[in-house]
Every structure is written in structure tokens, then in C-alpha cells.
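Just so we're on the same page: letters track the sequence lines, and every chain starts at 1.
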Amino acid sequence: MKYDFAAIEKKWQARWAETKPYAAVTGERDKPKFYGLIEFPYPSGQGLHVGHPRPFTAMDIITRKKRMQGYNVLFPIGFDAFGLPTENYAIKNHVHPAAVTKHNIENFTSQLKMLGYGFDWDRVTDTTDPSYYKWTQWIFLQLYKHGLAYKATMPVNWCTSCKCVLANEEVVEGVCERCGSPVIRKEKSQWMLAITKYAERLLDDLEDVDYIERVKIQQRNWIGRSTGAEVTFRATNGDGIVIYTTRADTMFGATYMVLSPEHELVKKWLPELANAEEVEAYQRAAAAKSDLERTDLAKDKTGVRLDGVRAVNPVTGKEIPIFISDYVLSTYGTGAIMAVPGHDQRDWDFAKKFGLPIIEVVSGGDVEKEAFVAKDDTAIMTNSGFLNGKSVKEAIPAMIEYLEKEGIGSAKVNYKLRDWVFSRQRYWGEPIPMVLCPDCGWVCVPEEQLPLLLPMVESYEPTDDGESPISKMTDWVNTTCPKCGKSAKRETDTMPQWAGSSWYFLRYMDPHNDAAPVSKEAEEYWGPVDWYNGGMEHTTLHLLYSRFWHKFLYDIGVVHTKEPYAKRTSHGMILGEGGEKMSKSRGNVVNPNDIVEQYGADTMRLHIMFIGDFEKAVSWSNEAVKGSKRFLDRCWNLMDMVSDEEGISEKNAATVHRTIRKVTSDIDELKMNTAIAALMTMVNEFYANGLSRGDLKALLLLLSPFAPHMTEEMWELMGFAKETGKMAMQNPWPEFDESKTVASTVEMAVQIQGKLRGTINVPTDSDESAVIAAAKENERVAKALEGMQIVKTILVKNKLVNLIVKPAS
RNA sequence: GCCGGUGUGGUGGAAUGGUAGACACAGGGGACUUAAAAUCCCCCGGCAGCAAUGCUGUACCGGUUCGAGUCCGGUCACCGGCACCA
């Protein structure tokens with residue numbers, strides 16, 4: 001009988017839809033729970049591409065194995081469906097984004113079902129469903145009520161093409177992460193979320209979670225904690241200028257100061273400056289620069305000296321000039337620095353350009369050539385009064401202690417992380433449930449009025465003045481103040497795409513709850529997510545944002561754990577043939593549908609796992625898929641050669657037990673490629689030795705997470721389903737017997753001086769004398785030993801023996 | 001510049017400090033077949049050799065070790081992240 005994958009896959013998918021073997025049971029106490037999560041897809045119009053099945057199949061395999069190991073498994077799926085591509089498609093084709101979304105979700109759903117994933121389809125969550133975004137809005141209101149959401153006018157990243165504000169995390173190398181258009185700075189009033197208040201916890205709690213190291217490192221870098229000191233410099237007009245420095249030790253070398261162009265003291269001082277016009281011109285020029293231009297011009301320092309105000313270095317007592325320059329950022333530290341050109345390269349560059357004095361206060365370099373920035377023990381303070389002779393490491397705390405005693409400074413921790421710009425001037429997102437009343441200011445939409453539905457509009461086009469399309473819907477915008485009843489206006493901006501995805505994993509636990517985002521009972525049972533796999537590109541966006549929301553929900557008692565995800569792993573990208581990124585323009589996009597049609601879902605699943613190291617990028621090869629199909633064919637054909645023998649056969653025992661051990665541990669370690677290789681080896685052995693019914697049974701159970709359709713069909717055809725009364729996937733995961741993994745004889749390597757000279761077959765666990773005796777009988781070894789005497793032997797049991805020899809005397 | 005990662009056959013990739021190249025793809029040979037496909041079996045890093053076998057080989061240079069793809073020091077190349085963060 002031929003392996004008719006199309007019919008088999010259709011049959012089993014229908015049976016699973018009917019019997020729901022993947023349903024998770026909230027509150028099941030007889031089994032341990034396991035919550036496996038994958039990042040829910042954005043339902044794009046192109047449908048699933050080969051990038052999706054990689055993480056999905058891996059977690060499907062993990063959760064299938066967990067079920068067989070007796071866990072109550074939650075493996076859910078949903079759709080992160082708000083977002084720009086859908087909106088843009090809707091604009092172009094004059095259809096409502098909701099209709100586009102519905103259509104795309106249907107398409108995705110059928111594709112996911114086609115691949116045979118064991119999702120609990122009764123828990124599907126869609127971020128654009130009002131019954132879902134009701135709770136996204138509710139969480140926003142809680143954030144607002146706890147002072148973590150606020151409206152602020154500030155320079156924000158503005159995408160010139162999307163006509164929309166972007167979060168810092170969405171700007172990559174000065175251009176929009178989505179569309180690649182230049183990003184400029186624009187003063188706008190925006191909703192902000194105070195993620196910086198959680199910076200320390202987001203950093204510290206990384207210690208308690210099992211994330212792969214590069215994710216932790218990337219989050220740490222993004223949060224960017226630095227320790228230093230804040231110091232007040234006195235200006236000649238009496239004002240205090242607060243600066244932040246990590247190098248308090250170098251204060252004796254501070255020969256000038258720099259404020260960011262946007263610094264408030266500059267505005268205050270303008271009237272008393274002799275060159276106010278020049279200063280204002282510089283400020284205007286800096287504001288007009290895009291992020292890209294700011295970084296492009298990094299090499300060439302610009303700035304203007306403030307003519308009329310100077311500062312006093314508090315440790316030297318000397319008067320020093322003050323500049324404004326855009327190399328000092330308004331958004332980090334205090335927006336003002338003391339410049340130490342001898343020991344900071346940026347200050348050095350600026351000082352050289354403006355002819356400012358450079359003083360060496362740390363010896364060891366040549367400050368005439370470049371800034372000397374070393375901080376190790378060999379760097380010794382000089383020209384620095386009471387610090388002279390100390391190392392930099394000693395000098396920093398000594399100076400901070402001095403500053404604190406004098407009352408002019410104190411230790412300070414700073415973070416690179418900025419607050420999260422939370423409003424978007426687009427249609428297809430969650431409306432922000434706030435009302436602006438001329439008398440009461442910002443007022444929350446009452447919780448009982450949620451969800452605040454998106455209004456139907458005629459056009460979704462963003463406006464050139466940077467207002468949301470909803471702003472034109474006067475019926476919707478004009479409302480009454482929930483507090484005082486007077487006429488008021490609704491917020492017309494919507495939430496960013498990251499809002500809905502910041503808590504969706506909680507909704508899966510209790511997807512139909514209308515009284516709370518998630519019930520206490522369900523959250524306490526399922527939380528936290530045991531294993532979350534997703535892309536590296538979400539490390540500083542989604543992953544950080546959702547940790548922040550979760551910590552907030554913890555603080556207000558919605559969830560019982562500080563961290564949402566106990567474990568986080570990450571998959572590499574699937575590249576096109578030749579290692580290039582898949583893209584429509586290159587024409588190298590692989591559609592999973594085509595693979596499934598040609599080879600079947602089981603082959604697709606198996607191959608995407610076999611293709612290479614899960615964590616690394618791999619290139620897709622249409623040719624290589626055949627190998628995975630061939631393997632499944634070989635498995636199928638085993639049915640023709642299986643003997644009547646029940647139980648694991650004697651001749652295959654070592655192979656079978658070893659394979660069970662290998663596959664079991666490899667799945668847990670996400671080494672699917674070597675797990676499959678081990679299964680292939682086992683099948684090759686079966687072809688060489690023949691196999692029993694028990695051998696085949698073990699193979700089917702081990703293979704069932706990878707190729708669930710074919711294994712169920714074979715399980716049934718072989719009569720195993722009748723015997724056990726269960727589908728293969730409902731049987732216990734096979735156990736291995738360590739004692740049976742070893743064969744009676746082993747092949748050992750014989751080395752002489754560390755070089756391989758031959759191999760010998762000896763009984764397992766042979767001792768040194770037996771091994772050496774056997775080695776001497778080996779022709780090649782004997783030849784190499786001629787005229788030599790053995791002076792030392794190193795024996796690695798059952799592996800190798802290394803003979804150290806010297807010429808016989 | 002800073003922080004990560006990677007470098008192994010024609011290709012994708014395996015190797016708790018212990019027989020480098022498992023397992024596959026491609027390629028070559030054979031069996032079956034009227035033939036092809038499919039299937040089954042064998043070979044497949046390089047150099048030399050009919051072969052047995054020998055030498056050599058994991059980006060490069062050096063070190064530690066009985067033994068190094070693996071550990072240490074240095075160099076080069078590529079990939080990812082951050083980037084005027086004081």
C-alpha cells in the first residue's frame with residue numbers, strides 16, 4: 001500500500017477537529033500543567049510563509065511530547081491583527097480593515113490546520129475582537145489611574161511615509177522599521193507609558209528567568225543601566241546646572257560644559273546672551289535634523305558658545321565656558337554634561353575643533369593625540385588635587401564621597417530606556433479610551449462603557465497634519481465629559497500594535513471571560529507561561545513591553561507572578577536558497593502550501609525541523625525536502641517487513657533504547673535536527689536487521705510529535721490503536737532502559753601518540769589489559785608498535801586507548 | 001566604536017577535551033525494469049596509490065594537554081544588536 005499523505009492528513013485532521021484531543025483543561029489537578037507559547041502571527045494578506053512553521057512546529061513537537069508525558073498542556077493560537085499593512089490594504093482596495101482581517105484570519109486558520117498543529121482551537125484570540133480589546137483598553141485605564149500613562153508634548157519620531165509617530169524601538173538606523181522611510185523629529189502631544197519606572201525591575205528580574213543568554217544581554221543593553229553621579233555646576237548668573245557623569249574622577253579635567261540645544265536653561269538665558277540670535281539659529285537647525293542626519297554628522301562636532309554666561313568648575317574653582325551642541329542628548333541624563341576632553345573622545349573632538357584646553361588628569365596615554373579613556377588599575381590620577389596617585393577605580397567613589405560631603409553632587413543611576421510613546425495617528429488600532437474635557441482635563445471613559453468601539457469611517461487615510469483618520473468623525477469625537485457632563489472631545493489616536501500583544505498570553509488562559517481580562521482561578525492555574533519561543537527581533541519590543549505590562553498587572557493583583565514567561569528561546573530565520581533573505585522582489589519566497597501539496601504536511605514539519613540548528617538562520621532548499629519525504633516513505637514501508645514478534649527485539653534493543661534517550665533529551669533542548677537524525681539512523685538499522693512489532697511501536701511513538709498524521713494512520717493499520725484503545729498521541733511517551741542502551745561489544749579506537757592507528761572490537765567494559773591485548777593483535781597497531789615500548793597508556797572506557805611509546809632501548 | 005554570535009566536505013549540517021564529517025541533499029556505481037521513475041545495496045574531504053595503506057585536513061598564528069573542531073592568547077572574515085547614552 002502506498003503512503004497516500006493527502007488522504008491520511010485529511011482524515012486525521014477531520015478526526016481531531018471532531019474529538020478535540022488538544023483541548024486544555026483549566027483546573028486539572030491530577031496532572032502537571034504545561035503552557036507552551038509561540039508568538040501569534042500577524043494575519044497578513046500573503047498568508048503563511050515558511051518562517052512561521054519553524055517555531056510553530058517546534059513548539060507543537062514539544063507540547064505533543066509533554067502531553068504524552070502526562071502533562072495537561074495549553075498550546076494556544078491567536079492573531080495579532082491590528083496594524084498598518086491591513087489598513088494600507090483597506091485604503092487601497094476600499095474595503096473595511098475588519099473585513100480584510102476576517103478574511104486573512106480564515107486563510108491563516110486553514111493553513112495552520114493544514115499543517116496539523118495541536119492548537120486548542122476553542123481558545124483562539126484575535127486582538128481586533130471588541131471582546132478582547134475591551135480588556136486592552138481596560139488595562140490602559142488602569143495604567144492611567146496608576147500614573148503610568150500620561151500625555152506629554154515632546155519631540156517624537158515621525159515617519160514621513162506612514163504619517164505616524166513611532167516608538168524609539170521602532171526606529172532602526174534613523175528610518176522607520178516598517179517602511180524604511182526617513183524618520184524626523186516632530187513636536188507632538190502623545191500618550192506615553194512610564195516603562196522607565198520599571199527599568200530597574202525589568203533588569204533585575206532577568207536574573208530569575210530562564211531566557212537564552214543573548215536575549216538577556218540584548219534586554220540589558222537596551223535598558224542600559226549606568227552608575228555615576230549628578231553634580232551641580234554653578235553658573236556665573238547664579239543658576240545651578242546639573243550634569244550627569246560616570247567619570248566623577250575626571251572632574252579636575254572638566255574645561256567646559258555642554259548643554260543640549262533643547263535644554264531649558266538655554267531658553268531662560270536667551271535674553272542675557274550676547275549671541276542669542278546665533279544660539280536660536282543653532283537650536284532651530286538641530287530640531288530640523290532627522291535622526292539619520294544626527295548620526296550621520298556624528299564625526300563632525302558642531303555647537304555654539306553661550307556668550308554671557310559661564311560656569312564654575314566646583315573642584316578647581318575655575319571659570320569655564322558653556323556651549324550648546326547636539327552631541328549632547330536632551331533625553332539622557334540631565335541633558336547637560338561637564339566636558340573632559342582629555343578623557344572622553346567626543347569631548348576631545350569638540351575641544352580640538354573649538355580650540356579648548358585639554359588637561360590630562362589620568363596618566364597613561366597621550367591626550368594631545370587622543371582622549372585617554374582607560375579605567376583599569378594602571379590608570380592613575382594626576383593634576384587632580386586630593387585624587388592624585390589613586391587609580392580610577394579608587395578615585396570615582398572618593399570623588400562622589402567628596403561631592404556628597406560638600407553638598408554639590410550625589411551618586412546616581414541612569415537608564416537608556418525611555419518611556420514608551422503609546423499613541424498612533426492611524427485607524428486600525430484600539431481606540432484610547434480617554435476624553436478631553438475643557439474643564440476637567442483628561443477623563444477616563446467609564447469602565448462599564450468598554451469596549452470603546454472603533455467608529456466606522458469613510459476613509460482610513462492618515463491626514464497630512466498628523467491627525468488620526470478618526471478625528472474627522474465628528475459624531476464620534478464630540479461627546480460629553482463622563483465627569484461633569486459638559487461637551488468634550490474623545491482622544492482620536494489609537495494604540496500601537498504592541499498593545500494587544502502585551503497580554504494576549506493571559507487571555508488564552510480564559511478566553512471567553514466577560515468580567516475580567518482573565519479569571520484569578522485560570523491565571524493561577526496556567527501562569528506563568530512555561531516556555532515561550534519567538535523571534536529575536538521582538539527582544540526589545542514585544543518581549544520588553546509585555547514584561548512591563550505583566551509587572552504592572554502583578555502590582556495591581558491581576559496576575560500572581562512577577563514575570564510572564566519562565567523560559568524564552570528563539571529561532572533563527574529561514575532564508576531563501578543561496579542564503580538570501582526571502583522577499584517578493586527576489587522571487588524566492590517559499591509558500592508552505594506548495595510544499596504540503598507536493599509532499600504533505602508531515603514532510604513539511606519534519607523537514608523544517610531537520611534543516612539545521614534551530615537557533616541559527618538556515619537557507620531553504622526545495623531539493624533537500626525530498627530527503628525528508630523519502631524518510632517518511634521508508635517508515636511507511638516498514639509495515640511490509642515487520643515480524644510478528646511483540647516487544648522490542650533483542651537485535652534492535654540497544655538502538656531503540658538509545659534512540660529513545662536521544663530523542664527525549666533532544667526535544668527538550670530544541671535539537672530537533674539531531675533527534676530526527678537519530679530516528680533516521682534507527683530506521684536504517686531496521687532496514688539492515690529487520691524489526692519487530694514492538695520496534696515499530698517505539699518508532700511510531702517517537703515520531704508522532706514530528707509526523708502526527710502518518711504515525712496515527714500506521715498505528716491504526718498495525719492494530720495498535722485497537723490494542724491500546726487509543727491514538728498513538730494518547731499513549732505514554734516511551735521510556736528507555738539505560739542498561740539496555742549498551743551493546744555487548746564496543747568498537748574502540750586505538751591511538752599511538754594520540755594518532756589513530758586502528759579500531760578493535762572488544763566486550764563492553766573491558767579492562768586495560770584486555771584492551772591492550774586486543775590492540776596488539778590489530779595488524780596496523782602491531783606494525784606501528786614494532787621496535788617500540790609502551791611507556792604509558794590512557795584508557796577511556798569503551799571509547800579509546802592511547803598508547804604512549806618510545807623506541808625500545 | 002561597544003556588546004553578542006559564527007567560521008567544519010560540492011551543499012545543509014553532526015561531534016559531554018577522546019575514532020572529525022553522524023544524518024541528509026547533490027554526485028558516482030550496481031541490482032530490479034523492455035525502459036524510465038520509484039525502490040533497494042555500495043562509494044563519496046584532499047593528495048599519493050591498483051589496493052592494503054600512508055600523509056594531510058575543522059578561517060589563520062601560537063599555547064595548554066597523552067589527546068584540541070572543542071580550552072587559553074592573538075589575528076582575519078562574515079552575521080546580528082546597539083550606537084554622540086557622558
So for A/Glu623 and B/rU11, does any side-chain atom that can act as donor or acceptor lie under 3.5 Å from a complementary atom in the base? no
Check this one for me: any side-chain N or O of A/Ser226 less than 4.0 Å away from OP1 or OP2 of B/rA86? yes
Any base atoms under 4.0 Å from A/Lys671, or only sugar-phosphate, or nothing? Heavy atoms, all strands. sugar-phosphate
Describe the nucleic acid contact of A/Asp347 in one word from base, sugar-phosphate, nothing, applying a heavy-atom distance below 4.0 Å. nothing
Less than 4.0 angstrom between a side-chain N/O of A/Arg757 and OP1 or OP2 of B/rC55, yes or no? yes
When you compare B/rA26 with B/rA77, how far apart are their P atoms, in angstrom units rounded to a whole number? 36 Å
Using atom C1' in both nucleotides, what's the gap between B/rA15 and B/rG27 to the nearest angstrom? 25 Å
Look at all strands and tell whether A/Ala617 reaches a base, only sugar-phosphate, or nothing, counting heavy atoms closer than 4.0 Å. sugar-phosphate
Provide the distance between the two C1' atoms, one in B/rC71 and one in B/rG17, to the nearest whole Å. 8 Å
P-based separation of B/rA20 from B/rG45 [nearest Å]: 14 Å
P-based separation of B/rU16 from B/rG21 [nearest Å]: 13 Å
Counting only side-chain nitrogens and oxygens, does A/Arg630 get under 4.0 Å of the OP1 or OP2 atom of B/rA38? no
Taking only side-chain N and O atoms of A/Lys755, does any of them lie within less than 4.0 angstrom of OP1 or OP2 on B/rU56? yes
Under 4.0 Å, counting only non-hydrogen atoms across every strand here, what does A/Val618 touch: a base, just sugar-phosphate, or nothing? sugar-phosphate
Confirm from the modelled atom types if A/Lys301 and B/rC84 form a donor-acceptor pair under 3.5 Å, side chain to base only. yes
